[in-house]
Amino acid sequence: MQKIVTADGEFMARYSEKGLAELNFPARGRARAPVGRHRGPAGKTSAKLRRWERVTKAALMSILAGRAPEKFPPLDLDGTDFQIRVWHALLKIPTGRTKSYGEVARAIGKPKAVRAVGGACGANPVPLLIPCHRVLAANGKIGGYSGGLDWKRKLLAREGVKA
DNA sequence: CCCACAAGTCGCT
DNA sequence: AGCGACTTGTGGG
């Protein structure tokens with residue numbers, strides 16, 4: 001687990017052999033679950049990994065500033081087929097734009113799976129890079145957010161979205 | 001197996 | 001304008 005220090009707190013990133021596998025919001029308040037220190041494959045902290053870390057941090061900083069990242073690190077998404085599809089659809093939402101859960105559901109060809117889309121968003125292992133925060137309820141309301149609604153509002157505000 | 005959920009639409013009052 | 005039922009995928013009792 002690598003710390004990524006930003007003005008908004010310390011994010012935690014976890015990488016697999018294939019790319020960024022997980023990103024966590026700053027642990028507020030109480031100490032974080034130990035989860036054991038995650039040593040990469042012993043020995044070489046490959047140049048690959050360091051490159052990912054650099055790109056990830058840059059991308060994160062951009063998003064926190066309300067701008068579109070220039071580059072994305074490779075993502076190693078672990079989830080069900082349905083979830084992967086949802087996450088991919090989310091990646092296509094441009095900065096400063098929003099979609100409703102219903103639109104996302106239609107985008108993946110399952111217009112009635114609206115509710116399931118919400119679940120998939122909550123299961124998103126890489127928030128911010130996969131912009132769950134740009135998904136609003138159909139009536140333009142804020143909806144929910146796994147990282148806390150304050151985060152969702154803050155991020156949208158920085159992107160210039162008026163909810 | 002039944003329930004809840006970051007939803008949405010339809011039908012009925 | 002509000003309420004109930006049905007819809008899908010997933011995780012927990």
Side-chain angles (χ1 to χ4, degrees), chain A residues 1 3-4 6-36 38 56-57 59-69 72-163:
Chain A
M1 286 290 240
K3 256 193 286 198
I4 298 183
T6 74
D8 293 289
E10 298 179 353
F11 287 78
M12 298 293 275
R14 188 174 63 79
Y15 301 87
S16 72
E17 285 299 312
K18 303 202 208 92
L20 178 63
E22 190 179 340
L23 185 66
N24 297 308
F25 283 95
R28 313 243 274 294
R30 74 226 183 284
R32 246 185 115 34
V35 170
H38 223 288
T56 300
K57 174 162 185 174
L60 186 54
M61 298 291 268
S62 292
I63 293 171
L64 287 173
R67 289 177 289 115
F72 266 74
L75 303 179
D76 180 20
L77 301 177
D78 180 28
T80 66
D81 216 45
F82 179 83
Q83 290 169 334
I84 303 277
R85 245 174 266 157
V86 171
W87 297 334
H88 265 230
L90 296 185
L91 283 172
K92 293 193 210 141
I93 307 179
T95 302
R97 297 275 311 287
T98 63
K99 277 198 171 202
S100 73
Y101 291 95
E103 285 173 318
V104 174
R106 285 195 287 279
I108 61 174
K110 305 200 170 200
K112 284 180 271 190
V114 196
R115 203 168 171 180
V117 167
C121 289
N124 172 16
V126 190
L128 295 170
L129 296 200
I130 293 178
C132 309
H133 60 278
R134 293 188 197 129
V135 186
L136 305 180
N139 44 8
K141 300 193 97 63
I142 192 74
Y145 196 56
S146 56
L149 287 176
D150 44 337
W151 268 104
K152 187 166 182 174
R153 279 188 286 262
K154 192 187 314 185
L155 292 166
L156 289 172
R158 289 179 185 178
E159 293 185 8
V161 174
K162 18 188 176 294

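The sequence lines fix the lettering, A, B, ..., with proteins before strands; numbering per chain opens at 1. Bear in mind that the values here come from a model prediction, so they are computed numbers and not experimental data.
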Colleague: With a 4.0 Å cut-off on heavy atoms, is A:Tyr101 in touch with a base, just the backbone sugar-phosphate, or nothing at all?
Modeller: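 Since a base atom lies under 4.0 Å of A:Tyr101, the category is base.
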
Colleague: Are any non-hydrogen side-chain atoms of A:Lys152 and A:Leu136 less than 4.5 angstrom apart?
Modeller: yes

Colleague: Atom CH2 of A:Trp87 to atom P of C:dG9: distance rounded to whole Å?
Modeller: 15 Å

Colleague: When all nucleic acid strands are considered with a 4.0 Å heavy-atom cut-off, which category describes A:Gly102: base, sugar-phosphate, or nothing?
Modeller: sugar-phosphate

Colleague: Taking the six-membered ring for Trp, are A:Trp151 and A:Phe11 parallel (under 30°), tilted (30 to 60°) or perpendicular (over 60°)?
Modeller: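 Ring orientation of A:Trp151 relative to A:Phe11: perpendicular.
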
Colleague: Is there a Watson-Crick or G-U wobble partner for C:dG12 with both distances under 3.5 Å, and which nucleotide is it?
Modeller: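 Its partner is B:dC2 (Watson-Crick or G-U wobble, both distances under 3.5 Å).
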
Colleague: Does a nitrogen or oxygen in the side chain of A:Lys110 sit under 4.0 Å from OP1 or OP2 of C:dG9?
Modeller: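 Checking A:Lys110 against C:dG9: at least one side-chain N or O falls below 4.0 Å of OP1 or OP2.
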
Colleague: How many whole angstroms separate atom CG of A:Leu156 from atom C1' of B:dA6?
Modeller: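 In whole Å, B:dA6 C1' and A:Leu156 CG are 13 Å from each other.
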
Colleague: Find the distance A:Tyr145:OH to B:dA7:P and express it as a whole number of Å.
Modeller: 15 Å

Colleague: Between C:dG9, B:dA6, B:dG8, spot the one nearest the side chain of A:Val114, thanks.
Modeller: B:dG8

Colleague: Name the one of A:Ile130, A:Leu129, A:Val126, A:Val86 that satisfies side-chain contact (heavy atoms from CB on, under 4.5 Å) with A:Leu91?
Modeller: A:Ile130

Colleague: Over how many whole Å does the gap from A:Asn124 atom CG to B:dA6 atom P extend?
Modeller: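 Result: 16 Å.
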
Colleague: Atom CG of A:Asn124 and atom CD of A:Glu22: how far apart are they, to the nearest 0.5 Å?
Modeller: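 These two atoms lie 10.5 Å from each other.
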
Colleague: Rounded to the Å, how far apart are A:Ile108 CD1 and C:dT8 P?
Modeller: 13 Å

Colleague: Could you check which of C:dT10, B:dA6, C:dT8 has an atom nearest any side-chain atom of A:Cys121?
Modeller: B:dA6

Colleague: Tell me whether A:Glu103 contacts the main-chain N or O of A:Ser100 through its side chain, where contact means a donor paired with an acceptor under 3.5 Å.
Modeller: yes

Colleague: From the set B:dG8, B:dA6, C:dG9, return the single nucleotide nearest to any side-chain atom of A:Ala113.
Modeller: C:dG9

Colleague: Just to be sure I understand the rule, does A:Ser100 reach a base, reach only the sugar-phosphate, or reach nothing, if contact means heavy atoms closer than 4.0 Å?
Modeller: sugar-phosphate

Colleague: In whole Å, what is the span from the CG atom of A:Asn139 to the P atom of B:dA6?
Modeller: 15 Å

Colleague: Over how many whole Å does the gap from A:Arg106 atom CZ to B:dG8 atom P extend?
Modeller: 9 Å

Colleague: Without decimals, in angstroms, what is the distance between A:Gln83 CD and C:dT8 P?
Modeller: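 Checked: the CD to P distance equals 17 Å.
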
Colleague: By nearest atom, which of the nucleotides B:dA6, B:dG8, C:dT8 is closest to the A:Ala137 side chain?
Modeller: B:dG8

